[in-house]
Amino acid sequence: MDDKKITPLVALIMGSQSDWETMKFSKETLLALKIPFVSRIISAHRTPERMYKFASEAQNNSFKIIIAGAGGAAHLPGMVASHTNLPVLGVPIESSSLKGMDSLLSIVQMPGGVPVATMSIGKPGAINAAIYAAKILSLSDQKIKNTLTNWLFKQTNNVPISPNMNND
């Protein structure tokens with residue numbers, strides 16, 4: 001749904017191409033929930049002017065929520081949040097050296113007045129960020145609310161009551 005014809009509600013941004021391995025799970029979840037989005041690489045360190053322009057214009061570009069994935073120093077979610085009034089959902093990317101703890105601690109330690117909703121590290125965080133975005137959007141969009149309700153219902157019903165003991 002990364003389509004220019006449909007007004008995107010969510011901006012899915014990341015600091016580098018390597019972050020896509022995690023952030024693609026946000027994309028898959030947004031697609032499943034039928035939420036229009038765009039994906040962009042915006043680095044707080046390597047493309048600071050791009051980041052500033054994106055963040056300061058995000059609300060005027062019809063975005064409602066920003067999902068920002070970042071690894072290592074993970075400044076992208078906080079820096080974007082400091083330049084927009086939109087909700088920013090931070091996804092810590094798992095790093096090879098510190099397993100994403102560096103990213104998590106960087107994103108979660110925002111100063112008072114610059115909030116970032118911080119998800120868990122890696123794939124679960126990317127999925128949860130998309131679901132959280134859907135929950136926020138569902139407050140004012142009945143179609144998204146219905147899609148989300150059905151998606152969550154199916155997820156719940158796919159959990160078996162008893163374990164499969166044939167694998168013993």
Side-chain angles (χ1 to χ4, degrees), residues 1-2 4 6-33 35-95 97-141 144-145 148:
M1 211 172 284
D2 200 351
K4 301 238 187 278
I6 299 170
T7 302
L9 300 176
V10 175
L12 180 58
I13 64 173
M14 62 216 76
S16 67
Q17 179 62 46
S18 63
D19 297 340
W20 184 246
E21 284 304 309
T22 297
M23 299 310 292
K24 67 183 179 186
F25 297 105
S26 286
K27 176 201 88 163
E28 291 170 5
T29 307
L30 290 168
L31 286 171
L33 294 169
I35 296 173
F37 66 94
V38 296
S39 302
R40 299 287 180 263
I41 295 175
I42 300 173
S43 172
H45 301 111
R46 292 184 304 270
T47 64
E49 291 86 11
R50 185 188 305 171
M51 182 213 59
Y52 173 76
K53 182 175 176 17
F54 167 82
S56 61
E57 296 175 359
Q59 197 163 3
N60 290 337
N61 288 328
S62 300
F63 296 122
K64 304 294 182 206
I65 298 168
I66 299 168
I67 298 174
H75 291 138
L76 181 62
M79 290 301 295
V80 168
S82 73
H83 293 291
T84 186
N85 290 334
L86 295 176
V88 176
L89 312 180
V91 178
I93 303 295
E94 186 173 340
S95 59
S97 59
L98 297 173
K99 303 295 181 208
M101 286 302 295
D102 49 346
S103 309
L104 174 66
L105 294 174
S106 179
I107 296 171
V108 81
Q109 292 187 88
M110 293 304 301
V114 187
V116 173
T118 308
M119 301 294 131
S120 54
I121 299 168
K123 178 181 175 180
I127 293 168
N128 285 342
I131 296 167
Y132 200 76
K135 287 184 175 195
I136 293 169
L137 293 168
S138 76
L139 295 172
S140 60
D141 187 313
I144 291 174
K145 183 177 185 175
L148 175 63

If we only count heavy atoms from C-beta on, is the [X] to [Y] side-chain gap below 4.5 Å?
| X | Y | answer |
| --- | --- | --- |
| R46 | S16 | yes |
| W20 | L12 | yes |
| T118 | P92 | yes |
| M23 | I13 | no |
| V10 | L137 | yes |
| L9 | I144 | yes |

Shortest non-hydrogen separation from [X] to [Y] and the atoms involved:
| X | Y | answer |
| --- | --- | --- |
| G90 | I107 | CA-CG2, 4.1 Å |
| P87 | K64 | CD-O, 3.2 Å |
| L76 | A70 | CB-CB, 4.0 Å |
| L33 | A134 | CD1-CB, 3.7 Å |
| L89 | A129 | CD1-O, 3.3 Å |
| S103 | G72 | OG-N, 2.9 Å |

Any donor-acceptor pair under 3.5 Å from [X] side chain to [Y] backbone:
| X | Y | value |
| --- | --- | --- |
| T22 | K123 | no |
| S120 | G125 | yes |
| S56 | Y52 | yes |
| S106 | A73 | yes |

Just how far is it from atom [atom1] of [X] to atom [atom2] of [Y], taken to the nearest 0.5 Å?
| X | Y | atom1 | atom2 | answer |
| --- | --- | --- | --- | --- |
| I67 | Y132 | CD1 | OH | 12.0 Å |
| S39 | M14 | OG | CE | 5.0 Å |
| K53 | I42 | NZ | CD1 | 11.0 Å |
| L98 | L104 | CG | CG | 11.5 Å |
| I131 | L148 | CD1 | CG | 7.5 Å |
| H75 | S82 | NE2 | OG | 11.5 Å |

Parallel under 30°, tilted from 30 to 60°, perpendicular over 60°: which one fits the rings of F63 and F54?
-> tilted
Evaluate side chain to side chain contact (heavy atoms under 4.5 Å, CB included) for M101 paired with I121, printing each intermediate quantity in order.
-> CA-CA 8 Å; M101 286 302 295; I121 299 168; 4.0 Å; yes
